[in-house]
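Following: one structure in structure tokens, then a few remarks.
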Amino acid sequence: MPTAAPIISSVQKLVLYETRARYFLVGSNHAETKYRVLKIDRTEPKDLVIIDDKHVYTQQEVRELLGRLDLGNRTKMGQKGSSGLFRAVSAFGIVGFVRFLEGYYIILITKRRKMADIGGHAIYKIEDTNMIYIPNDSVRVTHPDEARYLRIFQNVDLSSNFYFSYSYDLSHSLQYNLTVLRMPLEMLKTETAQTRQESFDIFEDEGLITQGGSGVFGICSEPYMKYVWNGELLDIIKNTIHRDWLLYIIHGFCGQSKLLIYGRPVYVTLIARRSSKFAGTRFLKRGANCEGDVANEVETEQILCDASVMSFTAGSYSSYVQVRGSVPLYWSQDISTMMPKPPITLDQADPFAHIAALHFDQMFQRFGSPIIILNLVKEREKRKHERILSEELVAAVTYLNQFLPPEHSIVYIPWDMAKYTKSKLCNVLDRLNVLAESLVKKTGFFVNRPDSYCSILRPDEKWNELGGCVVPTGRLQTGVLRTNCVDCLDRTNTAQFMVGKCALAYQLYSLGLIDKPNLQFDTDAVRLFEELYEDHGDTLSLQYGGSQLVHRVKTYRKIAPWTQHSKDIMQTLSRYYSNAFSDADRQDSINLFLGVFHPTEGKPHLWELPTDFYLHHKNTMRLSQTRRSYTDWLTPGVINHLPLPYDEVTCVENRKKLIVKKFHKYEEEIDIHSEFFRPYELSSFDDTFCLAMTSSARDFMPKNVGIDPSPFTVRKPDETGKSVLGNKSNREETVLQRKTAASAPPPPNEEAVSSSSEDDSGTDREDEGSVSQRSTPVKMTDAGDSTKVTENLVQPMKDVYGINLSDVPSEEDLSVYTRFVQLGQHQHKQDKSNQQHCSKHLDGVIKLNKWDRYVVIGRRRDRVLSAFQNTYLLFLPRQYL
């Protein structure tokens, strides 16, 4: 039994009830055994009044409470015709509360879809939300500009690539989340004692009584607010309500596929976290702000886990993190000239690299050392354009490295990717592959298990040169690769894919799944990983640039079909149109959603501002009280723990960010087994997420018999199950289906999960992965082609079994077979009589088509199955009976 486990939120289903004076928000866990209630006042026109009694109710207590509220709010006592308590909406979580010029709104998640599973912890994508005005109409004070602010706020489409989890912290990396769970036992006991002393909630310590030393420490960490997008929306209530009501969401990308290695399932997950600091659109957000936050900053993490073992403690998990972001300088591009490539302008001189120092200080604190910069901008140009950024970045890094120890200095690698792409003498991806090998060796990667014994018996030279930090429980990634070009879109995504492909080989090798840390193109594993990265790049490009990727991995491999060029032109035009005409409105929506701009009576409105520069640069409005040193620019204490990241060090400051409580090992708050398998509800294989996700065997492996099923075998283009170089028209059809990006509509077949309580407090609509992220259409063949298909599938006995079977069996074999058939027929007669006798006790029987089989449903199922345990002939086709 693990000593520590993540705390699962006990508020996963919500129902909003309405009266004339109040809203009552009833939240429950998924099993509907524990309930909490929020009371929201509707009589205040502009203030938000929320009361949380922090009491845990049972289902019966909630039913009685709602009954009393219904009775007390009727117009006449004892009147049954009209109800005083109305059910407004069902939801899965609270995004937050927001106010413009009138009263407050509450934003609820009304539909979700499961996108990934990490160690039994589900990650959901928001599919739909509902924004409800809180004050009653009788006290509402109208404002003429309220509707316009509401329309601008709703331009941020919450159903487009926003993700959340009830038990897994998406704002942190897997390495951080598992490092926290491995804190020393003495430290956990100390934190538990402090939590008891500082807690004002009388129900915080529920489940502390343990029997026979079977207690488990539940750990909940503070989110990393840089990647949280609803932090401002929850800020007004986070100190007044229980933490289970707080649901933090991230923005970016999340995709998961299944790699089948001879039947062994391995999940490949890609998570991209977009920074909420200095966020915006392509030409309107360039460089960095005064606090060191850069534009288009995205942290991409690839997670590999052995799905055959679910536990974080007993399972095998590995991850690798890399970052993209704009060049950390004061620079911009003026789009008023209507040029395809506006000139780059350095807005402020920064001789002491103050902004770059703030940015790299954040990176050292989160990732450790070394920090590696892979700069992909052009080095040789007829007219200086991109080279302006390279020259300034080199000067900044050179200055900052003067004050760092040599072993922890920032590594700067310039690599003109455009020059190598135009060259006919070299392959750009071959050069990138060599570069990726050296980069991954410097930072290493995370794995939660020691090196395999096979790597000791058969040591690999590349494995021995791997960097990072080796600990008794595995390996830690120290440092990070930071990749940038000008836009951080096309070139950056291809470079990150090549580095991720190299890291994936090391991850597979560390889990004992391949014999050498090397992966080749045109294998099922790399095709699956490439498709994930294409979805990842398209999604991030749509969010920042307004169009999908223009140049893809196939473009740089120079194997893209000729029709790809016309598509690239259309994507370029789409990106130009979006940047010129729609980016300003999108930027206003982002500023309003993130709380960068707060509407205030008597001050200019958002649409009246000539620029938002001063909103993102706070030093333009007030002078800073303290000035950072130009030489000692790292945060105190960070350099003492390098190469380890300071955020993962077990120090007093980091322990304050944790909530540690002790539970019984069967408490629902830490029981991930019940949370994942949900034994209290009926499940269907058709709706099971693990069966619906993209699979290497189903979607990429050739369908011919006799083909090597290994996903690491190099395939020819005409051998693949889903050809990367196949017909472009078919490819376009599958692209629309496989995108996990913004515009994917919810699947049509939704399941209504009804609550067992009479108040229907758990009724909801949810898509639990019923549709694959990238579903493959079923290809129909007519009757005339069936013989050809059969001929292709049937191979000689010698190829399949290794021997030639005789056409006619021998007389001895035939007599033995006849004897068994007679025994089977006699047994079948007895079984049919038993079956007729037992069928009287069946509550319900479903007859399956084409087979004389029966699935027994009802209260006496166990008794009937025990009677049928020997009737194996019942499951044979009719012709064999």
Side-chain angles (χ1 to χ4, degrees), residues 7-41 50-74 77-94 108 110 166-167 199-211 218 241-247 661 663-671 673-675 677-683 751-766 859:
I7 298 178
I8 304 171
S9 174
S10 61
V11 179
Q12 299 187 22
K13 292 182 177 181
L14 293 88
V15 179
L16 187 66
Y17 292 95
E18 173 187 358
T19 65
R20 290 183 60 85
R22 291 177 181 84
Y23 276 123
F24 292 93
L25 194 58
V26 179
S28 70
N29 58 357
H30 200 281
E32 298 181 4
T33 57
K34 294 183 179 181
Y35 290 80
R36 293 182 181 271
V37 179
L38 280 183
K39 184 169 66 173
I40 307 173
D41 191 5
I50 295 182
I51 300 175
D52 182 11
D53 59 3
K54 297 185 179 179
H55 179 70
V56 179
Y57 297 87
T58 64
Q59 190 178 88
Q60 182 64 29
E61 291 173 342
V62 166
R63 193 177 305 170
E64 294 173 355
L65 175 63
L66 295 177
R68 291 195 299 270
L69 291 172
D70 180 33
L71 186 62
N73 285 277
R74 290 178 182 172
M77 292 299 295
Q79 183 179 354
K80 297 183 179 179
S82 62
S83 175
L85 189 69
F86 300 94
R87 179 189 176 114
V89 66
S90 299
F92 295 106
I94 304 174
L108 299 174
T110 56
Y166 298 111
S167 55
S199 176
F200 293 97
D201 184 1
I202 59 174
F203 293 96
E204 283 286 327
D205 297 331
E206 56 190 351
L208 287 177
I209 301 175
T210 59
Q211 299 175 358
I241 66 175
H242 192 273
R243 54 173 172 72
D244 282 353
W245 292 101
L246 304 177
L247 190 65
K661 296 197 308 180
F663 296 92
H664 190 272
K665 64 178 181 179
Y666 296 120
E667 282 286 330
E668 295 174 347
E669 282 85 348
I670 49 93
D671 189 2
H673 181 275
S674 298
E675 176 70 16
F677 290 103
R678 297 177 181 175
Y680 42 80
E681 70 177 27
L682 181 65
S683 301
E751 179 184 358
V753 184
S754 300
S755 167
S756 57
S757 60
E758 293 180 359
D759 60 82
D760 202 18
S761 60
T763 304
D764 52 52
R765 301 175 69 197
E766 173 185 5
R859 304 174 199 158

Does some side-chain heavy atom of [Y] sit less than 4.5 Å from a side-chain heavy atom of [X]?
{"X": "Leu65", "Y": "Arg68", "value": "yes"}
{"X": "Leu38", "Y": "Phe24", "value": "no"}
{"X": "Ile94", "Y": "Leu25", "value": "yes"}
{"X": "Ile40", "Y": "Arg22", "value": "no"}

message: Is there a side-chain contact (heavy atoms from CB on, under 4.5 Å) between Val26 and Tyr17? Walk through the geometry before answering.
response: CA-CA 8 Å; Val26 179; Tyr17 292 95; 3.9 Å; yes
query: Between the main-chain N or O of Ser9 and the side-chain N or O of Gln12, is there a donor-acceptor pair closer than 3.5 Å?
result: yes
Distance-only polar pair, side chains of Ser10 and Asn29, donor-acceptor under 3.5 Å: no
- request: Verify the distance criterion only: is there a donor paired with an acceptor across the side chains of Arg678 and His30 at less than 3.5 Å?
  value: yes
Of the non-hydrogen atoms in [X] and [Y], which two are nearest, and what is the gap between them?
{"X": "Gly218", "Y": "Ile670", "value": "CA-CG2, 4.0 Å"}
{"X": "Phe92", "Y": "Tyr166", "value": "O-OH, 2.7 Å"}
{"X": "Arg36", "Y": "Val11", "value": "CD-CG2, 4.3 Å"}
{"X": "Leu66", "Y": "Leu85", "value": "O-CD2, 3.6 Å"}
{"X": "Pro679", "Y": "Ser674", "value": "CD-O, 3.8 Å"}
{"X": "Thr19", "Y": "Gly84", "value": "CG2-O, 3.4 Å"}

- prompt: For Leu246 and Ile241, what are the C-alpha separation, side-chain angles and deciding distance, and is it a side-chain contact (heavy atoms from CB on, under 4.5 Å)?
  reply: CA-CA 8 Å; Leu246 304 177; Ile241 66 175; 4.0 Å; yes
[atom1] of [X] to [atom2] of [Y]: how many Å apart, nearest 0.5 Å?
{"X": "Leu14", "Y": "Tyr35", "atom1": "CG", "atom2": "OH", "result": "11.5 Å"}
{"X": "Phe86", "Y": "Asn73", "atom1": "CZ", "atom2": "CG", "result": "9.5 Å"}
{"X": "His242", "Y": "Asp52", "atom1": "NE2", "atom2": "CG", "result": "8.0 Å"}

message: Strictly below 4.0 Å, N to O, side chains only: are Glu667 and Lys661 in salt-bridge contact?
response: no
Salt-bridge contact Arg87-Glu18 (side-chain N to carboxylate O under 4.0 Å): no
- prompt: Can Thr33 and Gln59 be said to form a side chain to side chain donor-acceptor pair (under 3.5 Å), step by step?
  reply: CA-CA 6 Å; Thr33 57; Gln59 190 178 88; over 6 Å; no
- request: Report the relative orientation of the aromatic rings in His55 and Tyr57; use parallel for angles under 30°, tilted for 30 to 60°, perpendicular for over 60°.
  value: perpendicular
